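Bear in mind that the values here come from a model prediction, so they are computed numbers and not experimental data. By convention in this document, chain letters (A, B, ...) are assigned in the order of the sequence lines, proteins followed by strands, and residues within each chain are numbered from 1.
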Amino acid sequence: MNAAPQYWLMKIEPDECSIDDLAALPGQTVPWTGVRNYQARNFMRDGMRVGDQVLYYHSSCAEPGVAGIAEVASSAYPDATQFDAKSPYFDPKSKPEAPRWLNVDVKFRKKTRLLPLKDMREVPALATMRLLQPGSRLSITPVSPEEWQAVMALLDR
DNA sequence: GCCAACGTTGGC
DNA sequence: GCCAACGTTGGC
C-alpha cells in the first residue's frame, strides 16, 4: 500500500503566502484555508493523499507562475475560517454540524526558479494542463505525471 | 482598472 | 429545473 504520489497545482496569491513565506516555516504544516469552490474542494476531499506533490503557483501578481514545490501533509478536514465571522472566508450558510468547506495541510518542499505562466504557455508538453485551458480559474487542479515531468524539466533549465 | 469567463444565486 | 443577474477570478 504505497501508492505513487499524485500531482496537483495550487494557486496562492503571494501577498497571502508566497513560497518565501512557506519556506520560512520549514517542517511545519500550513492549513490551505479559503477554498470556496466545490470542484476544488472535491479535489482535496476525494483526490488528495498525504505525500502528493504540489506545484506552488503564484497568481494575481506581477509575475504569475510556478514558484516552488510543496507537499500534501494531511487529508481534508473542515476549514475553520468558514465559521469565523471575522474572516473574509466566513460562510454564514455553513453549519458546524455540516461543514461545507474543507482544507488540507501543505508543507514546504522547495523553492524553484520562477517558471512564468507565459513560458508555460509556449511548451507543447504542457498544453494539456488544466491551468492553461482558456477561462480556467480553478485554484486547485490535477497535474498528470507527464505534465509534472515536463515542468520539472523546465525548472532545471 | 478592465473585462472575459465562469460559478452561484434565487425568482419563477 | 431553467436561466438571468450578479459576484469573483485573474491575466493583462
Is there any protein nitrogen or oxygen under 3.5 Å from a nitrogen or oxygen in nucleotides 10-12 of chain C, and what are the pairs?
from, atom 1, to, atom 2, distance (Å)
C/dG10, OP1, A/Lys11, NZ, 2.7
C/dG10, OP1, A/Arg137, O, 2.6
C/dG11, OP1, A/Tyr57, OH, 3.0
C/dG11, OP2, A/Ser60, N, 3.0

Between [N] ([atom2]) and [X] ([atom1]): distance, integer Å:
| X | N | atom1 | atom2 | answer |
| --- | --- | --- | --- | --- |
| A/Trp101 | B/dG7 | CH2 | P | 13 Å |
| A/Arg130 | B/dC6 | CZ | C1' | 12 Å |
| A/Asp91 | C/dG7 | CG | P | 17 Å |
| A/Gln39 | B/dT8 | CD | C1' | 13 Å |
| A/Gln133 | B/dA5 | CD | C1' | 14 Å |

* Under the 3.5 Å Watson-Crick or G-U criterion, the dot-bracket string of DNA chain B, with | for inter-strand pairs -> ||||||||||||
* Structure fact -> Tightest non-hydrogen contact, residues A/Ser94 and A/Ala98, listed as OG-O, 4.0 Å
* May I ask you to decide if A/Gly34's main-chain N or O and A/Asp79's side chain share a donor-acceptor pair within less than 3.5 Å? => yes
* **Main-chain N/O of A/Thr81 paired to A/Asp84 side chain as donor or acceptor, under 3.5 Å** => no
* Whether over 12 other heavy atoms sit under 6.0 Å from A/Glu63 CD -> no
* Asked: Hey, what's the ring geometry for A/Tyr7 with A/Trp148, parallel, tilted or perpendicular (30° and 60° as the breaks)?
  -> parallel
